[in-house]
Amino acid sequence: QVQLVESGGGLVQAGGSLRLSCTASGRTFRNDAMGWFRQAPGKEREFVVVINWSGEVTYYADSVKGRFTISRDSAKNTVYLQMNSLKPEDTAVYHCAAGRWAGVIAAEPSDWGQGTQVTVSS
């Protein structure tokens with residue numbers, strides 16, 4: 001059974017930091033791009049960032065560029081999202097995704113995680 005399991009969400013004050021993790025299992029992910037999306041209440045799911053299979057290429061949404069950093073440990077089948085300088089507008093459920101690069105960016109990955117809640121208070 002393929003699973004993407006996110007962790008690390010929580011409540012933080014504006015300006016604070018959180019580190020999200022997503023661990024994949026059930027198939028080989030080392031050739032996959034992996035990414036993060038977020039969905040705030042009443043809004044559509046929004047692309048945040050993607051990292052390619054080797055970890056050498058990344059692409060960020062403008063809204064998080066310079067504040068968020070994605071990385072991956074292929075040996076652990078895990079991708080991380082370091083979130084700094086958090087803002088109330090970053091509040092959302094953050095979902096992990098895995099698949100082809102173009103598919104992830106297009107919000108059509110092979111697999112989705114269930115999500116972890118991030119709440120930023122003002």
Side-chain angles (χ1 to χ4, degrees):
Q1 181 181 0
V2 175
Q3 281 190 310
L4 299 177
V5 179
E6 301 95 335
S7 61
L11 173 64
V12 64
Q13 289 188 333
S17 298
L18 282 174
R19 188 193 194 205
L20 306 184
S21 299
C22 169
T23 299
S25 62
R27 65 172 177 84
T28 299
F29 287 87
R30 62 175 178 267
N31 295 322
D32 280 21
M34 299 187 75
W36 291 91
F37 287 74
R38 64 187 182 185
Q39 188 165 19
K43 295 188 177 181
E44 293 187 355
R45 191 168 291 188
E46 173 191 21
F47 169 80
V48 176
V49 60
V50 62
I51 188 167
N52 79 326
W53 66 274
S54 68
E56 295 176 350
V57 182
T58 58
Y59 177 65
Y60 292 85
D62 287 343
S63 58
V64 306
K65 201 173 296 183
R67 300 188 298 121
F68 291 11
T69 302
I70 190 171
S71 61
R72 68 187 294 168
D73 184 338
S74 295
K76 297 181 178 179
N77 273 348
T78 299
V79 63
Y80 305 97
L81 184 63
Q82 178 67 44
M83 305 187 295
N84 299 328
S85 302
L86 283 162
K87 305 174 181 180
E89 51 263 43
D90 294 318
T91 295
V93 176
Y94 282 71
H95 296 269
C96 180
R100 296 180 303 107
W101 174 272
V104 172
I105 290 179
E108 296 178 352
S110 299
D111 301 286
W112 286 105
Q114 290 297 309
T116 185
Q117 176 71 47
V118 171
T119 303
V120 185
S121 63
S122 57

Derivation and outcome, side chain to side chain contact (heavy atoms under 4.5 Å, CB included), residues Thr69 and Leu81: CA-CA 6 Å; Thr69 302; Leu81 184 63; over 6 Å; no

Taking every non-hydrogen atom, the tightest pair across [X] and [Y]:
X     : Y      : value
Val64 : Val48  : CG2-O, 3.7 Å
Ala24 : Leu4   : CB-CD2, 3.3 Å
Cys22 : Met34  : SG-CE, 4.4 Å
Arg72 : Ala33  : NH1-CA, 4.1 Å
Leu11 : Ser121 : CD1-CB, 4.3 Å

Side-chain touch Val49/Lys65, heavy atoms, less than 4.5 angstrom: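 SC-SC contact between Val49 and Lys65 ruled out.
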
Check: Thr91 and Val118 side chains under 4.5 Å, non-hydrogen atoms: no

Sidechain-backbone polar pair: Arg30 side chain, Ser54 backbone, donor-acceptor under 3.5 Å: no

Are [Y] and [X] co-members of a hydrophobic cluster defined by side-chain heavy atoms under 4.5 Å apart?
X     : Y     : result
Val12 : Tyr94 : yes
Trp36 : Val2  : yes
Phe29 : Val50 : no

Partner set under ring-ring contact (aromatic ring centres under 6.0 Å, His included) for Trp53, not counting sequence neighbours: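 Scan of Trp53 (ring-ring contact (aromatic ring centres under 6.0 Å, His included), adjacent residues dropped) gives none.
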
Residues that Phe47 engages under ring-ring contact (aromatic ring centres under 6.0 Å, His included), provided they are two or more places apart: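 Phe37, Tyr59.
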
Candidate pair Thr58 and Asn52, rule side chain to side chain contact (heavy atoms under 4.5 Å, CB included), full reasoning: CA-CA 6 Å; Thr58 58; Asn52 79 326; over 6 Å; no

What side-chain donor-acceptor pairs closer than 3.5 Å can you find for residues 96-116, not counting sequence neighbours?
residue, atom, partner, partner atom, Å
Asp111, OD2, Arg27, NE, 3.0
Asp111, OD2, Arg27, NH2, 2.7
Thr116, OG1, Gly9, N, 3.2

Step-by-step side chain to side chain contact (heavy atoms under 4.5 Å, CB included) determination, Leu20 to Met83: CA-CA 8 Å; Leu20 306 184; Met83 305 187 295; 3.7 Å; yes

Sequence neighbours excluded - side-chain hydrogen bond (donor to acceptor under 3.5 Å, both in side chains) pairs with any residue from residues 78-90: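 Sorted pair list: Ser17-Asn84, Thr23-Thr78, Arg38-Asp90, Arg67-Asp90, Gln82-Asn84.
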
Any pair counted as ring pair (Phe, Tyr, Trp, His ring centres under 6.0 Å), so long as it reaches residues 6-26, sequence neighbours left out: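 Of all non-adjacent pairs touching residues 6-26, none passes ring pair (Phe, Tyr, Trp, His ring centres under 6.0 Å).
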
Qualifying salt bridge (charged side-chain N to carboxylate O under 4.0 Å, His left out) pairs with a residue from residues 47-59, counting only residues at least two apart or across chains: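 Applying salt bridge (charged side-chain N to carboxylate O under 4.0 Å, His left out) to every pair that reaches into residues 47-59, excluding sequence neighbours, yields nothing.
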
Derivation of the side chain to side chain contact (heavy atoms under 4.5 Å, CB included) call for His95 and Glu6: CA-CA 7 Å; His95 296 269; Glu6 301 95 335; 4.1 Å; yes

